[in-house]
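Step one of this worksheet: look at the structure below.
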Amino acid sequence: MVETGSVKRESDGLTVHFTVTDTAKSIPITYKGILPDLFREGQGIVATGRLDAGGAFVAEEVLAKHDENYMPPEASYAIKKATTEAMHIKSGQKP
């Protein structure tokens with residue numbers, strides 16, 4: 001998980017330094033690129049890359065994890081629309 005208070009962005013707008021932890025150990029990560037929309041402190045992530053000579057992890061890819069309740073906005077909209085239509089049909093109204 002991304003440690004709270006650890007995210008630091010450089011002025012180039014692409015380079016980000018942050019720390020991940022499993023609550024027992026922590027490792028600093030540097031990533032240059034656009035982070036996923038779900039990336040935030042306290043959130044689980046998956047990063048691929050390599051360790052540099054100083055022991056920091058240089059990420060080539062960062063994926064943000066979401067919980068089992070996450071639903072893409074398009075799917076949520078479709079479900080709400082279908083539910084509304086079903087309720088209208090059941091009550092004899094036109095959707």
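If you read the sequence from its start, that first residue is 1, and numbering goes on from there. What's counted below: heavy atoms across the whole structure, side chains too, no hydrogens, waters or symmetry copies.
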Would you find a donor on one side and an acceptor on the other, under 3.5 Å apart, between the side chain of Glu41 and the backbone of Gly5?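 A pair under 3.5 Å: yes.
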
List in chain and number order the residues that pass side chain to side chain contact (heavy atoms under 4.5 Å, CB included) with Glu3, two or more places apart in sequence or in another chain; answer none if no residue qualifies.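 Per chain and number, Glu3 pairs via side chain to side chain contact (heavy atoms under 4.5 Å, CB included) with Ser6, Thr19, Thr21, Ser26.
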
Below 3.5 Å, can you tabulate the donor-acceptor pairs from side chains in residues 28-38 to any protein atom, sequence neighbours excluded?
residue, atom, partner, partner atom, Å
Thr30, OG1, His17, ND1, 3.0

Linking I/L/V/M/F/W/Y whenever any side-chain heavy atoms sit under 4.5 Å apart, do Ile27 and Val46 land together?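 Different hydrophobic clusters.
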
Hphob cluster co-occupancy, Leu51 + Phe18, side-chain heavy atoms under 4.5 angstrom: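 Cluster IDs for Leu51 and Phe18 match.
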
Could you measure the distance from the CD atom of Glu61 to the OG1 atom of Thr48? Nearest 0.5 Å is fine.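 Glu61 CD to Thr48 OG1: 4.5 Å, rounded to 0.5 Å.
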
Check whether any side-chain heavy atom of Leu63 sits under 4.5 Å from a side-chain heavy atom of Phe39, and report yes or no.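 Leu63 does not reach Phe39 side chain to side chain.
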
Sub-4.5 Å side-chain heavy-atom contact between Phe57 and Asp52: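 Result no, sub-4.5 Å side-chain heavy-atom pair not found.
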
Ignoring hydrogens, what is the shortest heavy-atom contact between Val16 and Arg9? Give both atom names and the distance.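 Minimum heavy-atom separation between Val16 and Arg9: CG2-NH1, 3.6 Å.
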
Going by the rule side chain to side chain donor-acceptor pair (under 3.5 Å), which residues pair with Asp12 if we only count those two or more places apart in sequence or in a different chain?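 Asp12 satisfies side chain to side chain donor-acceptor pair (under 3.5 Å) with Thr15 only.
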
